[in-house]
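Only one structure is covered here, and it is reproduced in the block below.
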Amino acid sequence: MDTDLARTWVQAIAAAVDQHKDHLTQLDSAIGDADHGTNMHRGFSAAVTALADYEPDTVGAVLVKTGTTLISTVGGASGPLYGGAFRAIGKALGTPTADTQQVAAALAAGLASIQKLGAAAPGDKTMIDAYAPALAAFQQQADAGADLDTAAVAAADAAEEGMRATTPMQARKGRASYLGARSIGHQDPGATSTALVFRTLAESLAASAESMGAR
Amino acid sequence: MDTDLARTWVQAIAAAVDQHKDHLTQLDSAIGDADHGTNMHRGFSAAVTALADYEPDTVGAVLVKTGTTLISTVGGASGPLYGGAFRAIGKALGTPTADTQQVAAALAAGLASIQKLGAAAPGDKTMIDAYAPALAAFQQQADAGADLDTAAVAAADAAEEGMRATTPMQARKGRASYLGARSIGHQDPGATSTALVFRTLAESLAASAESMGAR
Amino acid sequence: MKKFINAPEAVLAEALSGIAAAHPGLKVDVENKVISRGARRSGKVALVSGGGSGHEPLHGGFVGEGMLDAACPGEVFTSPVPGQMVAAAQAVDGGAGVLFIVKNYTGDVLNFRMAAELAAEEGIAVETALVDDDVAVQNSTWTAGRRGTGATVFVEKIAGALAEQGAGLAAVAEIAKRVNAASRSFAVALTACTTPASGKPGFDLPEDEMEVGVGIHGEPGRRREKLRPAREIVATALDAILADQPLTAGDETIVMVNGLGGTPLIELYVVFHEIAAAFADKGVVIARNLVGNYVTSLDMAGVSLTVCKADADMLSLWDAPVNTPALRWGV
Amino acid sequence: MKKFINAPEAVLAEALSGIAAAHPGLKVDVENKVISRGARRSGKVALVSGGGSGHEPLHGGFVGEGMLDAACPGEVFTSPVPGQMVAAAQAVDGGAGVLFIVKNYTGDVLNFRMAAELAAEEGIAVETALVDDDVAVQNSTWTAGRRGTGATVFVEKIAGALAEQGAGLAAVAEIAKRVNAASRSFAVALTACTTPASGKPGFDLPEDEMEVGVGIHGEPGRRREKLRPAREIVATALDAILADQPLTAGDETIVMVNGLGGTPLIELYVVFHEIAAAFADKGVVIARNLVGNYVTSLDMAGVSLTVCKADADMLSLWDAPVNTPALRWGV
Ligand SMILES: Nc1ncnc2c1ncn2[C@@H]1O[C@H](COP(=O)(O)OP(=O)(O)O)[C@@H](O)[C@H]1O
Ligand SMILES: Nc1ncnc2c1ncn2[C@@H]1O[C@H](COP(=O)(O)OP(=O)(O)O)[C@@H](O)[C@H]1O
Ligand SMILES: [Mg+2]
Ligand SMILES: [Mg+2]
Ligand SMILES: [Mg+2]
Ligand SMILES: [Mg+2]
């Protein structure tokens with residue numbers, strides 16, 4: 001992963017969020033306050049703008065700037081959580097390029113940031129329920145010596161599985177927890193956006209590998 | 001007509017209004033403020049109560065008390081208009097009994113009161129459009145020497161025809177006038193309650209004649 | 001019907017009892033349905049207003065120092081009866097006479113007219129000020145005349161301030177009429193309202209349409225149009241108001257953006273933003289303003305604009321102290 | 001979606017511009033989205049509150065003498081961002097420190113926590129008072145804790161009065177926490193609300209059902225029940241409140257009956273009547289009250305009850321002068 005790829009990833013998240021904005025808001029409408037789509041859209045649009053004329057030396061700088069922008073534009077629960085996560089991921093990647101093990105470690109720092117801020121555990125029906133399995137799958141691939149693309153695809157698959165697994169859960173954190181048992185049967189919006197974050201990473205890496213191959 | 005018949009008439013109006021309350025309110029909802037049924041119901045229920053232990057010497061006293069009660073309980077446009085009309089009718093009937101010509105003259109005084117207060121003319125889509133033809137029919141029968149029953153039936157028929165004729169009119173008085181051309185196509189609530197007032201007069205007289213005959 | 005009530009017939013009495021409990025400074029005569037200031041003010045002209053309920057805070061919310069002496073609430077959307085008005089006049093007349101403030105509806109006009117006659121028979125000097133500010137209705141022989149709506153608040157506030165300063169009945173009546181003559185209103189609704197007695201919305205309005213030129217009694221408006229952005233709705237309302245009462249650069253105004261009951265305050269501020277921008281363009285000064293729910297129509301989602309072309313007297317009386325449940329400053 | 005707006009994205013900025021135009025005594029920084037009192041008060045503890053928009057008049061309507069120094073409105077139902085809060089703190093800090101008043105929602109708590117850290121780095125002394133009064137939500141490890149709702153108004157008013165009197169940051173924070181600890185709320189909704197961004201109601205509710213135990217963000221409640229008369233709804237709410245905070249004869253309270261945005265004021269008075277009757281039965285004193293729309297949820301038809309068991313300090317601070325768009329007395 002290099003600085004271009006990091007920027008491409010953030011742009012891809014913004015595009016995916018734009019496309020799924022209404023779906024995210026609809027999910028948040030069922031068990032929250034109907035703003036997750038607009039929150040994510042506002043934040044990632046701002047991040048794309050912030051990165052437009054930014055020429056950093058390290059992969060991490062791209063992601064730190066992304067996180068800082070999210071914190072200063074999103075608000076809500078997802079702003080500090082995603083913003084803090086991207087900042088943590090970025091801070092762990094202080095080099096011009098990063099390999100699979102480095103990215104795995106950075107993603108772990110991201111999860112740690114979310115858990116430190118939000119104090120949620122797996123099973124609480126939050127973004128963590130997509131993030132934690134994604135990280136585990138990524139790490140497993142990294143440990144097995146897989147390349148970034150492969151690890152990212154495994155992570156995206158696991159994130160989506162984790163996302164779907166939030167449906168039967170009863171929320172214990174965030175607004176959905178106010179609903180008690182009525183939160184059961186709805187997919188968590190934050191887990192859904194987290195799945196987009198991992199899927200776009202896999203897609204950005206695949207597209208970049210393809211264009212390399214084509215060259 | 002005697003004091004008992006006058007009281008029976010007011011009771012019959014109250015019963016008819018109770019039965020048609022929702023219909024009157026619904027008509028008022030289309031071109032007014034959805035209160036004509038409850039207004040009439042409140043007023044005539046109060047009149048029945050006021051008459052319960054009232055033993056007057058004249059037909060008129062029953063109707064004056066009815067009018068006074070309407071004024072003090074109905075409110076809205078219909079309160080002073082109906083209240084004033086019943087007071088005027090009553091004031092014209094200062095005898096223990098009244099014949100067809102006397103009643104015709106009293107009903108004319110009632111219409112005059114409505115027109116003096118409300119300044120509406122026939123064709124303005126108000127209660128006058130039921131009242132005026134009813135009075136004309138009643139007067140015609142009286143002039144032809146008909147008995148009260150016959151005159152009242154003719155008046156009730158004419159009132160109902162007048163009531164139906166309000167539907168295509170554009171209102172020029174009362175709340176319905178605010179709607180301009182949009183008032184066209186709806187039957188006037190006040191004309192509808194006036195038709196009830198005349199129909200119950202005919203019915204009360206018929207029931208009384210029957211019970212006389214049966215005796 | 002979805003309402004926080006116990007029974008349609010009980011709404012008015014229970015609301016009055018709630019008003020009494022909430023505002024110990026007011027005297028609420030639940031029997032006669034009169035809300036008044038605690039004590040009679042000897043030598044002060046008394047202001048009495050009234051009308052159907054369902055427009056809260058109008059009128060009971062404007063009873064107090066510097067505004068009304070008494071309000072007579074009728075049943076929902078039904079003019080009060082003369083007996084209430086006479087009881088109110090008797091309760092607050094301080095010997096200097098009573099001004100009846102009457103919104104121009106057939107029912108209100110007729111009942112207040114009867115009350116004025118009865119009060120006069122009781123030896124009370126009565127003047128009446130009619131409010132008829134709604135430019136959606138043409139004042140012609142084809143209608144019952146313009147409706148009285150938002151300007152009522154301006155009339156009650158300004159005439160109330162003059163009465164508090166000790167002016168006589170004629171002067172108080174005169175300023176009330178002047179304020180009315182200087183004021184125009186126009187309203188638009190996005191939904192119908194539901195009266196407790198009828199239990200259903202007064203009309204059906206498709207999701208993309210609005211009623212233009214509505215009153216405050218849940219009736220449909222003058223016409224139905226496609227829903228448009230706030231900016232265009234404000235332009236429509238201002239066009240109607242200014243066509244009737246032109247304003248030129250430098251004119252000073254009091255502007256009220258009034259929610260009809262179901263409109264969020266954040267939207268009223270968006271509407272006020274548009275009016276402020278439009279008036280700034282014309283150089284018309286918004287010297288004072290009210291943004292909120294002052295003259296409502298139960299749960300109707302809608303907004304009314306009222307513009308008063310105010311002279312120096314009106315502005316200074318506007319600023320005078322007022323202490324009522326719904327308007328309070330300077331005290 | 002039926003709203004008086006121009007575009008969903010423009011609502012907040014345009015409403016802020018409307019607030020600025022309507023209340024010249026306030027300073028509105030549209031860029032940073034901060035509503036503040038005109039000038040910094042040297043030596044006075046500054047109160048800063050904030051939260052998502054859509055709850056108007058909360059919080060901007062409570063900025064002014066004797067209450068908040070600044071408010072940071074976020075997007076509709078979205079916590080503001082730390083940058084706004086820091087800008088607000090910087091704008092109003094008079095050297096005596098800043099109290100952040102934070103409603104207990106994950107987003108508000110996290111953003112204010114970050115802001116507190118950043119403000120501290122700027123050399124501003126910051127204390128935070130959390131509001132979590134909604135007894136519909138159990139405070140357990142199974143939830144994000146109780147929501148902050150109606151008690152926010154009590155905290156802002158009473159702590160604001162103490163700050164105005166010159167108390168230090170610790171004392172102001174302490175009374176804010178005491179007021180919160182003494183307050184409980186419970187809300188019921190008859191309809192869902194519609195955010196400008198989503199464009200449709202948050203949930204469907206059959207004509208004969210209500211959501212019991214709702215918050216102020218349009219979310220469904222703890223449970224759905226058949227609609228019942230106001231008296232029984234009040235009993236349900238009071239049971240929940242009193243189960244958590246028992247009151248005995250002679251206790252003095254401040255009670256707020258708050259409309260969620262789409263409820264007519266006449267219904268709020270019916271509800272207050274029921275509470276007054278219930279408290280009279282128990283001998284509990286309603287020493288002060290508010291009846292109206294103070295903490296709304298856009299156009300939701302609903303009502304929340306807030307009861308604060310008030311001590312003498314709280315009552316006397318409640319009575320202290322306040323001059324804000326939405327609460328004003330004594331000045
Ligand atoms: N304590 C928490 N830890 C982790 N994720 C959380 C927490 N609280 C909420 N979330 C996530 O945030 C999402 C909601 O984000 P968003 O709607 O943008 O913010 P808000 O809840 O403030 O409206 C939830 O779906 C959930 O995944
Ligand atoms: N000026 C008038 N003259 C005669 N009848 C009138 C006049 N104005 C209104 N009405 C009658 O009153 C009826 C409405 O009565 P009601 O609904 O009880 O009072 P309000 O219009 O005050 O709500 C109308 O349908 C009409 O027939
Ligand atoms: Mg949300
Ligand atoms: Mg009517
Ligand atoms: Mg009426
Ligand atoms: Mg939110």
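Reminder, nothing fancy here: chain letters follow the sequence lines and each chain counts from 1.
- Only the backbone of C:P80 comes within less than 4.5 Å of a heavy atom in chain B; its side chain stays farther off.
- Identified under the ring-ring contact (aromatic ring centres under 6.0 Å, His included) test for residues 108-134 of chain B, with sequence neighbours left out: B:Y131-B:F198.
- At least one test fails for C:R147 against the ring of C:Y105: distance under 6.0 Å to the centre or angle within 45° of the axis.
- How far CG of B:L205 is from CG of B:L148: 5.5 Å, rounded to the nearest 0.5 Å.
- C:H55 and C:K103 are not linked by any side-chain donor-acceptor pair at a separation below 3.5 angstrom, with hydrogens and angles left out of the test.
- Of the listed residues B:S177, B:G76, B:S72, the one with more heavy-atom pairs under 4.5 angstrom with chain C than any other is B:G76.
- Rounding to the nearest 0.5 angstrom, the gap separating the CG atom in B:L93 from the NZ atom in B:K91 is 12.5 Å.
- Heavy-atom distances place the backbone of B:A171, and not its side chain, under 4.5 Å from chain C.
- For B:Q11, the CD atom sits in a packed shell: over 12 heavy atoms of surrounding residues, nucleotides or ligands are nearer than 6.0 Å.
- With a threshold of 4.5 angstrom between heavy atoms, C:N104 approaches chain B through N, CA, C or O but not through any side-chain atom.
- Interface summary for chain B: among C:D134, C:T106, C:L110, C:V214, the most heavy-atom pairs under 4.5 angstrom belong to C:L110.
- The pair B:R182-C:E211 counts as a salt bridge, with a side-chain nitrogen and a carboxylate oxygen less than 4.0 angstrom apart.
- Taking C:G83, C:P201, C:P82 one by one and counting their heavy-atom pairs under 4.5 Å with chain B, the maximum is reached by C:P82.
- At most 12 non-hydrogen atoms from other residues, nucleotides or ligands lie less than 6.0 angstrom from CD of B:Q140.
- Residue contact with chain B, scored on non-hydrogen atoms closer than 4.5 Å, involves the backbone and the side chain of C:R224 alike.
- For B:T73, the part sitting under 4.5 Å from any heavy atom of chain C is the backbone (N, CA, C, O) and nothing else.
- In this model, a donor atom of one side chain and an acceptor atom of the other lie less than 3.5 Å apart for C:T195 and C:S198.
- At a heavy-atom separation below 4.5 angstrom, chain C is approached by B:S29, B:A30, B:G32, B:D33, B:A34, B:D35, B:T38, B:N39, B:R42 within residues 26-47 of chain B.
- A side-chain donor from one of B:Y82 and B:S193 sits under 3.5 Å from a side-chain acceptor of the other.
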